[in-house]
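Inspection log for the structure reproduced underneath, given as structure tokens.
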Amino acid sequence: ELAQYMRTAAEGDTVRLGGDIDIDLTTPGEMTGFLGENGHLFLDGSDPTAPAHSQTLDLAGHTLTVRTGSEQCCFALKGGITLTVIDSSAGKTGRIVGASNGSLFVGEADTGLVLDGVALAYTDFDGEGDPAPVLATDGQLTVKDVDYTPAEGGAPLVDTTVYGAETESADGVTKYHTTVDAAVEAAAEGDTVRLLADNLYRASALTVDKSITLDLGAYDMHAISGRVIIVSGTENVTITAEPQTITDPPREASVRSTLGIDVTESKNVTIENISVSATSTLQPGISVTASTDVVFRNVSVTSGCTGIFATDGSSVTVDGSAVTTAGNFAAVRAENVSSVGVTNKSAVTSPYIGVWVRPGCTGTITDSAVTANGGAACYYAVYANGGSAEISGSTLTSDYIGLEVNEGGSASVTGSTITLANIDSNPKYAPIGIGIGTGQGMEVTVTDCTIDAAAVNGSNTGVGIQVYGAYTDKE
């Protein structure tokens, strides 16, 4: 009777259960009303003689139990059909129970399945082979307030080989999409887009141009070359992840390519809990252009060029993160009236320059460690090159100069330690704790600090503070 009502329902009709129903698809011939070569109910909108129609199945507080074999399912959708399943009972006591490892729903690419406020459960799994996903449709899948209870070792809710991402709205509606690009395109402002599987070998960057949260989970996004993610012309964006520590080995989300992430003309962007690996030696791993309130929190960045590059009036905060560059570049650099903040036990490391603050820019380093050593062309842990550096409660370590101020720059150092590493990478230079070079009107204030300049670099003895350059006024 259920099969007959659903096959003959008109467009938009509701078929409502009047009691509990138990369907056993493993017994040949028992369900004569169910069609299809595998014994499941086909709702086929393209059937030329008796086309089915989009409809709603209301559990109405009752239980629909379906025993399927591994190659069977209960409902199969075809020909543009959309099936909506609800439970109108006041106590939401209706549920669909699977009693084996087959799918409950399958569908072709042009169909839709909507589950709204229903419970799904499996009572057992025979343990043979991989369990088929409960919702194996290739079409549009939407769920809201679905409570799924799998059997031990049993089926996943969706097939992540089909659905690479999902969107979740603020009111709890989840829609599944074949790719993360399709999910971002379909997402509304305020939605969360969540990866369901690794997204590898991308040929182009994922563009985020709306206010959403992109949750990588514990999955990876890798591109063949170029940027992996571009945040452009938007505000209130979060890119986050949830590392899976219970896996062996533990997994964390990673973004990897020749380049990493680009943020341009955006505001209030938070990137957290991921690792970014960029191999290019020509462009920065992360570029922030004309963007404000951009925060990197608990992020690991490794780059063959500058790690994080802020320019064109950008403001960037590196919070509890690690930024490392392998080449003769700054790990963190501020250019063209931009500001960078390194805080909360961040670790910034480069063989060249740790933090580089250019003219008109500011760099604030608080409770963090900045290191420049190990490189053949090692220079400065912090370089106030015409810009302003404020350093407090931090540690600067360098082969050559801990803090360099020149070209009209300024610096304030409070409650910090500057250590000159005893490494012979630059034997021709005398290591300097703080160097004040060429430029007029420069002001450097040092309060309650320790400068350890006792290191010997080749034949040169270190200097605590040295004023040098073309100008004779060296107060």
> Got a second to check how far Ser412's OG is from Leu403's CG, nearest 0.5 Å?
Replying inline: 10.0 Å
> Between OG1 of Thr289 and CD of Glu265, what distance do you get to the nearest 0.5 Å?
Replying inline: 8.5 Å
>> Going by ring pair (Phe, Tyr, Trp, His ring centres under 6.0 Å), name the residues that satisfy it together with Tyr383, two or more places apart in sequence or in a different chain.
In response: Trp356, Tyr380
Which atom pair, heavy atoms only, marks the closest approach of [X] to [Y]?
X: Gly354; Y: Ala372; value: N-CB, 4.3 Å
X: Val288; Y: Ser291; value: CG1-CB, 3.8 Å
X: Thr111; Y: Gly79; value: CG2-N, 4.1 Å
X: Leu396; Y: Val382; value: CD2-CG2, 3.8 Å
X: Gly112; Y: Leu77; value: O-CD1, 3.5 Å
X: Pro351; Y: Gly327; value: CG-O, 3.2 Å

>> Just to verify, what does Glu272 make a side chain to side chain donor-acceptor pair (under 3.5 Å) with, not counting sequence neighbours?
In response: Thr240
> For Ser169, what residues pass the side chain to side chain donor-acceptor pair (under 3.5 Å) criterion, not counting sequence neighbours?
Replying inline: Asp171
>> I'd like to check the salt bridge (Lys or Arg N to Asp or Glu O under 4.0 Å) partners of Arg202; sequence neighbours left out, ordered by chain and number.
In response: Asp181
> Quick one: salt bridge (Lys or Arg N to Asp or Glu O under 4.0 Å) partners of Glu166, sequence neighbours excluded?
Replying inline: Arg194
State, with a plain yes or no, whether a side-chain heavy atom of [X] is found less than 4.5 Å away from one of [Y].
X: Leu216; Y: Val255; result: yes
X: Asp452; Y: Leu420; result: no
X: Ile274; Y: Ile261; result: yes
X: Ile229; Y: Leu214; result: yes
X: Val316; Y: Val332; result: no
X: Val340; Y: Ile308; result: no
X: Ile239; Y: Val231; result: yes

>> Which residue is it: Leu115, Val118, Val134? I am looking for the one with a side-chain contact (heavy atoms from CB on, under 4.5 Å) to Tyr148.
In response: Val134
Enumerate the residue pairs fulfilling side-chain hydrogen bond (donor to acceptor under 3.5 Å, both in side chains) with a member in [range], sequence neighbours excluded, ordered by first and then second residue.
range: residues 307-325; result: Arg297-Asp319, Asp312-Asn336, Asp319-Asn344
range: residues 225-235; result: Arg227-Ser287
range: residues 361-372; result: Lys345-Asp367

> Without hydrogens or angle criteria, can the side chains of His222 and Ser254 be said to hold a donor-acceptor pair below 3.5 Å?
Replying inline: yes
> So, Asn385 and Asn406: side-chain donor and acceptor under 3.5 Å apart, yes or no?
Replying inline: yes
> Under a 4.0 Å N-O cut-off, is there an ion pair linking Glu189 with Lys210?
Replying inline: no
> Is there any ring-ring contact (aromatic ring centres under 6.0 Å, His included) pair reaching into residues 286-334, and which pairs are they, with sequence neighbours excluded?
Replying inline: none
>> Show me the pairs that pass ring-ring contact (aromatic ring centres under 6.0 Å, His included) and involve residues 168-192, at least two apart or across chains.
In response: Tyr163-Tyr176
>> Under the rule for side chain to side chain contact (heavy atoms under 4.5 Å, CB included), what residues qualify as partners of Asn268, not counting sequence neighbours?
In response: Asn236
Please output the side-chain donor-acceptor pairs of residues 138-147 that fall under 3.5 Å, not counting sequence neighbours, one pair per line with the distance.
none

>> Show, in sequence, the C-alpha distance, side-chain angles and deciding distance for Val444 and Ile465, and conclude whether the side chain to side chain contact (heavy atoms under 4.5 Å, CB included) test is met.
In response: CA-CA 11 Å; Val444 179; Ile465 299 176; over 6 Å; no
>> Parallel, tilted or perpendicular: which one describes the rings of Tyr379 and Tyr352, with boundaries at 30° and 60°?
In response: perpendicular
>> Working note: Ile365 + Val348, criterion side chain to side chain contact (heavy atoms under 4.5 Å, CB included); need CA distance, chi angles, decisive distance, verdict.
In response: CA-CA 10 Å; Ile365 302 163; Val348 175; over 6 Å; no
